[in-house]
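Data first, discussion second: the structure below is written as structure tokens.
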Amino acid sequence: MKKKMTITSIKKAKADKPLVMITAYDALFAKLFENSADMILVGDSLNMSFAGKNDTLSASLEQMIYHTNAVCAGAKNSFVVCDMPFGTYVNKDDALRNAIKVFQETPADCVKIEGGLDKADIVKHLTSNGIAVCGHIGLLPQAFRSEGGYKVKGKTEDEKRSLIADAKAIEEAGAFCMVIEGVKADVAAEVAKSVEVPVIGIGAGVDVDGQVLVFSDMLGLFEEFTPKFVKKYLDGALLVKDAVANYADEVVKREFPKEEHTY
Ligand code: KIV
């Protein structure tokens, strides 16, 4: 069995090897991912792929706690990151109260919050009160409505400067690693070089310190849309639909159950 990553080994990985992060929302899949992934993210993306909503914004803290407990139960040997949902860290007091709730009600190893320079004081407040924080900079899914969609970042010199300032600010505030999403590859590479902690990319090219993908995207289970950065490692939707159609067909023809499935 793989050794569980720790904050120390995750930080050290920056110099050694790319980190593998994947999302999971339940015990079943978390257990399947455990041996290949260094870190499992209970992302608020579950609001879209699991709960069928248009964006992540209506995910609740209770939902995140429920799914984090399920993931931790399935992958007992994994480093688990719990996403703080939209509206739960608007100020230092709310952020700390809600992150403490996550730490007290789940075995999650850290929380993840979206934002850079603007959230540095909140990251600092959490880390100085015993909550480990993974940052999230670049394209912020929780800004989907306020920005009018998903906007790739790092297209101008100004955006590059501001991404580097974001990364440095949350590192300084105590984040032990960060996700960088939807950023031009050359800019993401510079951001990764500008800090000492690992910068894990999604839609941010190969020259960062690791990769994260949403499991339902990479297994081809989520059919609504596929972002450019997703590689489908499986045509999951097709396989599942074929299997269920096959089952339905056999039920109708009374070909299932056969003798070996019968008491
Ligand atoms: O919610 C999520 O799954 C995420 C990833 C996109 C990094 O934050």
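Just so you know, ligand 1 is whichever comes first in the structure, and atom 1 is the first atom listed for that ligand. What you see is a predicted model; the values in this text were computed from it and never measured.
Under the 4.0 Å criterion applied to side-chain N and carboxylate O atoms, Glu190 and Lys160 are assigned as salt-bridge partners.
Scored by the side chain to side chain donor-acceptor pair (under 3.5 Å) test, Glu34 finds Ser78 as partners (sequence neighbours excluded).
Pairs engaging residues 226-235 under the salt bridge (charged side-chain N to carboxylate O under 4.0 Å, His left out) rule: none recorded [sequence neighbours left out]. For residues 69-92, the set of pairs meeting the ring pair (Phe, Tyr, Trp, His ring centres under 6.0 Å) definition, not counting sequence neighbours, comprises Phe79-Phe176.
A tilted orientation is assigned to the rings of Phe29 and Phe33, their planes being inclined by 30° to 60°. Using cut-offs of 30° and 60° for the angle between ring planes, the Phe144 and Tyr150 rings count as tilted.
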Table of N or O contacts for ligand 1, cutoff 3.5 Å:
from     : atom 1 : to     : atom 2 : distance (Å)
ligand 1 : 1 (O)  : Asp44  : N      : 3.1
ligand 1 : 1 (O)  : Asp44  : OD1    : 3.0
ligand 1 : 1 (O)  : Ser45  : N      : 3.0
ligand 1 : 1 (O)  : Ser45  : OG     : 3.4
ligand 1 : 1 (O)  : Asp83  : OD2    : 3.1
ligand 1 : 3 (O)  : Ser45  : OG     : 2.5
ligand 1 : 8 (O)  : Lys112 : NZ     : 2.9

